[in-house]
*Asks:* 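To start, I am sharing the structure in question, which I have written as structure tokens.
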Amino acid sequence: MKFHQIVEGKTKIFVPKVKNTKGPGKKGGVFYNPVMEFNRDVSIMVLDALNKKNILDGLAGTGIRGVRIANESGGNVIINDVNPASYTIIKRNIKLNNLDNAFAENKNLNTLLSKNRYDYIDIDPFGSPVLFIDSAMRSIKKNGVLGITATDTATLCGIYPKTCLRRYFAQPLKTKYAKEIGLRILIGFCVREGLKYDRGLKPLIGYSADHYFRIYLQTEKGVKNANSCMEKIGYVLHNFKTGERKISKETDKNYSIAGPLWTGKLFDKTFLNKLEVKEYFGTKKRIIKILGLWKDEANASALYYEVNNIAKMMKRDPVSMKNILKKLKNYNTSRTHFSPTAFKTDLNIEGIKSIFFR
Ligand SMILES: C[S@@+](CC[C@H](N)C(=O)[O-])C[C@H]1O[C@@H](n2cnc3c(N)ncnc32)[C@H](O)[C@@H]1O
């Protein structure tokens, strides 16, 4: 495999000449996906705001995320990958940036997590992160944060319901807002893995982008926190005929059901306000835009509505987003990062229909 040097953020990195998103394979190739720069820029902002000491980049590929964290944000960073070819390039990348606060490891992530404890753990797998969440819950320190990516969005969004049940012990549902259900199933799964150990978990950020979901969860120790966190596990009840949807603690045989899943907030607004977009970020423009959307929807009701879908159900022409936001402004209505043609509101479907499609 041939490597060349690039710069991402403020960091020099050797990466495979040809993008490789298929994993090691027989030739032992090293994973690298340039599209994830946005995801990595966000993690630098998050780590900056968190100011954590002991950091683990558990599934590091070239080490690009961990090396960037060590170089641009600080802390002591362990950069690990089970693939020996990755380990070699991680060591080269640490050296390339003259870092004395980054250390390469070549272990199975679950082995590493069973031996050591960290303030921040990054889990960025191919596909689903489920195999690592239990050991991450045991390893994460008090008030520590987990950064978790899931690229098995088709499973979480209801294309493969059986796979979702096997992996996440939850029923997905193919609705027009399936992305939000999928993201909430992912968070719900992680939260339930923490509850076993009397840990509460609070999402600092939970978002959908490109082909993946990404969540940052902060641990809150103690039975009291765990119990109040458990209160936020529930279901989405959906009626395919009317488009009605609601969050509930119980299932109900009159509705199609998704869950169990996380019913609480996806964003912590206080935390979002601490994030600082760096001038040098390669994805600065995109981050500024998305951060605005995250802040807008941070205190919105769960479960977004697609404008075109409601218009179609009512056999009417779609209404512009501008018009929606103006007319529904008294009902805590906002845009959502999930879709440029969708909104969140405190109104239920009947309320929306009566205002727009009488
Ligand atoms: C999606 S890639 C990581 C990408 C990287 N974080 C980035 O930003 O470019 C997933 C990596 O996990 C590694 N991996 C898979 N299973 C592992 C395990 N059990 N322990 C440690 N590493 C593992 C693979 O070798 C691969 O490099």
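The structure presented is a predicted model; accordingly, all values stated were derived computationally and were not measured. Order of appearance sets the numbers: ligands from 1, and atoms from 1 within every ligand.
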*Asks:* Could you name the option among Asn106, Asp124, Ile90, Thr111 that has the heavy atom nearest to atom 5 (C) of ligand 1?
*Replies:* Asp124
*Asks:* Evaluating non-hydrogen atoms only, which member of Arg40, Glu8, Met36 is closest to atom 9 (O) of ligand 1?
*Replies:* Arg40
*Asks:* What atoms in ligand 1 come closer than 4.0 Å to a heavy atom of Pro125?
*Replies:* 1 (C)
*Asks:* Could you list the atoms of ligand 1 found under 4.0 angstrom from a heavy atom of Phe132?
*Replies:* 19 (N)
*Asks:* Does a side chain donor of either Asn225 or Arg199 reach within less than 3.5 Å of an acceptor in the other side chain?
*Replies:* no
*Asks:* Is Thr62 in contact with ligand 1, taking contact as a heavy-atom separation below 4.0 Å?
*Replies:* no
*Asks:* Heavy atom to atom 4 (C) of ligand 1, shortest distance: which of Tyr87, Phe31, Tyr212 holds it?
*Replies:* Phe31
*Asks:* Salt bridge (Lys or Arg N to Asp or Glu O under 4.0 Å) for Arg335 and Glu297? Distances and angles first, verdict last.
*Replies:* CA-CA 7 Å; Arg335 288 177 185 274; Glu297 77 173 291; over 6 Å; no
*Asks:* Show me which atoms of ligand 1 lie under 4.0 Å from any heavy atom of Asn80.
*Replies:* 21 (C)
*Asks:* So for Asn33, does at least one of its heavy atoms come nearer than 4.0 angstrom to any atom of ligand 1?
*Replies:* no
*Asks:* Among Asp57, Asp124, Thr11, which residue meets the side chain to side chain donor-acceptor pair (under 3.5 Å) test with Arg65?
*Replies:* Asp124
*Asks:* Report the residues that fulfil side chain to side chain contact (heavy atoms under 4.5 Å, CB included) with Glu193, sequence neighbours left out, ordered by chain and then residue number.
*Replies:* Ile133, Asp134, Met137, Phe189, Lys196
*Asks:* With a 4.0 Å cut-off on heavy atoms, does Phe126 reach ligand 1?
*Replies:* yes
*Asks:* Just jot down the ligand 1 atoms closer than 4.0 angstrom to any heavy atom of Lys107, in number order.
*Replies:* 20 (N), 21 (C)
*Asks:* Closer than 3.5 angstrom, by distance alone: can the side chain of Asn101 be matched with the main-chain N or O of Ala70 as a donor-acceptor pair?
*Replies:* yes
*Asks:* Pull out every atom of ligand 1 sitting under 4.0 Å from any heavy atom of Asn83, numbered as shown with elements.
*Replies:* 25 (O)
*Asks:* State whether the number of non-hydrogen atoms from other residues, nucleotides or ligands found under 6.0 Å of Tyr160 atom OH is greater than 12.
*Replies:* no
*Asks:* Are Tyr304 and His337 near enough that their ring centres are under 6.0 Å apart?
*Replies:* no
*Asks:* Report the residue from Val277, Leu272, Asn273 that forms a side chain to side chain contact (heavy atoms under 4.5 Å, CB included) with Leu275.
*Replies:* Leu272
*Asks:* If we only count N/O pairs under 3.5 Å, is Ile64 in contact with ligand 1?
*Replies:* no
*Asks:* Does Arg214 make a cation-pi contact with Tyr207 (under 6.0 Å, within 45 degrees of the axis)?
*Replies:* no
*Asks:* Short list, please: which atoms of ligand 1 are under 4.0 Å from a heavy atom of Gly61?
*Replies:* 27 (O)
